[in-house]
Visitor: 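I'd like to ask you about the structure that follows.
Index from 1, following the sequence.
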Amino acid sequence: MNKELDRLKEQISAQQELMKTTLEYAIKLEENLDHFRDEVEKQKQSKNRSFH
């Protein structure tokens, strides 16, 4: 019984670590997307200024 509980604890720990890594990755992607949007907006604005 204890071996089974230890195995379950290990599996839960591994899943928690995977979830943590996934969340960190998602947060980083969101930050990169925000940065990309800012850069696109800057490019649009500089493009519009060059025509006026």
Visitor: Who pairs with K28 by side chain to side chain contact (heavy atoms under 4.5 Å, CB included), at least two apart in sequence or on another chain?
Guide: N32
Visitor: Under 4.5 Å between side-chain heavy atoms, chaining through other members, with only Ile, Leu, Val, Met, Phe, Trp and Tyr counted: pull out the rest of the cluster around L29, sorted by chain and number.
Guide: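 Besides L29, the hydrophobic cluster comprises Y25, listed by chain and residue number.
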Visitor: Could you list the residues that satisfy side chain to side chain contact (heavy atoms under 4.5 Å, CB included) with D34, not counting sequence neighbours?
Guide: E30, R37
Visitor: Which pairs pass salt bridge (charged side-chain N to carboxylate O under 4.0 Å, His left out) with one or both residues in residues 2-23, sequence neighbours excluded?
Guide: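 Qualifying pairs, neighbours excluded: none.
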Visitor: Quick one: side chain to side chain contact (heavy atoms under 4.5 Å, CB included) partners of E41, sequence neighbours excluded?
Guide: K44, Q45
Visitor: Mind checking side chain to side chain contact (heavy atoms under 4.5 Å, CB included) for Q16 and listing every partner two or more places apart, or none if nothing turns up?
Guide: I12
